[in-house]
Amino acid sequence: MAGNKRAPRRSLKPLENGQLWRVGKGNLEVTLVGKLLVHYKFGKPDAIRVPTTVNSIRAVEKFLKTSKAVLIHG
């Protein structure tokens, strides 16, 4: 079983207030994390007004993982 090694899984950092994630050509800014829900803003980096969206923590983490997001600040 020497050739049965797996690559280590890279886990995402837990969501916290004030985090900024790079997702493709856009940014996702986490504004508030509650028990079950996350308030976040998702838009282009140079956008003037970006609406705040609410979704479950699990859904946001899954989106960040599938889109291979990179933590910029936080």
Side-chain angles (χ1 to χ4, degrees):
M1 297 236 171
N4 198 9
K5 289 187 177 182
R6 291 185 181 173
R9 282 192 168 182
R10 202 171 123 198
S11 61
L12 290 175
K13 196 172 177 187
L15 292 176
E16 297 176 0
N17 297 343
Q19 285 182 336
L20 186 63
W21 295 85
R22 163 94 51 210
V23 182
K25 292 186 179 181
N27 288 341
L28 186 138
E29 180 185 356
V30 178
T31 55
L32 181 66
V33 179
K35 265 187 177 178
L36 301 173
L37 299 176
V38 178
H39 295 245
Y40 63 93
K41 295 181 178 187
F42 182 63
K44 293 183 180 179
D46 56 348
I48 296 172
R49 294 185 194 175
V50 181
T52 301
T53 309
V54 179
N55 211 336
S56 69
I57 293 174
R58 242 185 223 171
V60 174
E61 287 176 341
K62 184 178 177 183
F63 170 72
L64 292 173
K65 189 174 183 179
T66 57
S67 61
K68 298 178 183 174
V70 177
L71 183 61
I72 299 172
H73 181 266

Exercise. Side-chain contact, heavy-atom cut-off 4.5 Å: Val23 with Phe63?
Worked result: yes

For this session: Could you check if a side-chain atom of Val38 sits within less than 4.5 angstrom of a side-chain atom of Ile57, using non-hydrogen atoms only?
Result: yes

Exercise. In Å and rounded to the nearest 0.5 Å, what is the CG to CZ distance from Asn55 to Phe42?
Worked result: 12.5 Å

Exercise. What heavy-atom pair brings Thr52 and His39 nearest, and what distance separates the two atoms?
Worked result: CG2-CB, 4.1 Å

Exercise. Does the side chain of Asn27 reach to within under 4.5 Å of the side chain of Arg22, using non-hydrogen atoms?
Worked result: yes

Problem set entry | Closest approach of Gly26 to Pro45 (non-hydrogen atoms, all atoms of both residues) | CA-CD, 4.3 Å

Exercise. With Trp21, which of Leu71, Val60, Val70, Ile72 fulfils side chain to side chain contact (heavy atoms under 4.5 Å, CB included)?
Worked result: Leu71

Exercise. Counting N and O atoms only, with roles assigned by atom type, does the side chain of Glu16 sit under 3.5 Å from a partner on the main chain of Val30, one being a donor and the other an acceptor?
Worked result: no

Problem set entry | Side-chain (Asn17) to main-chain (Val33) donor-acceptor, under 3.5 angstrom | yes

Exercise. Rounded to the nearest 0.5 Å, how far apart are CG of Leu15 and CD of Glu61?
Worked result: 4.5 Å

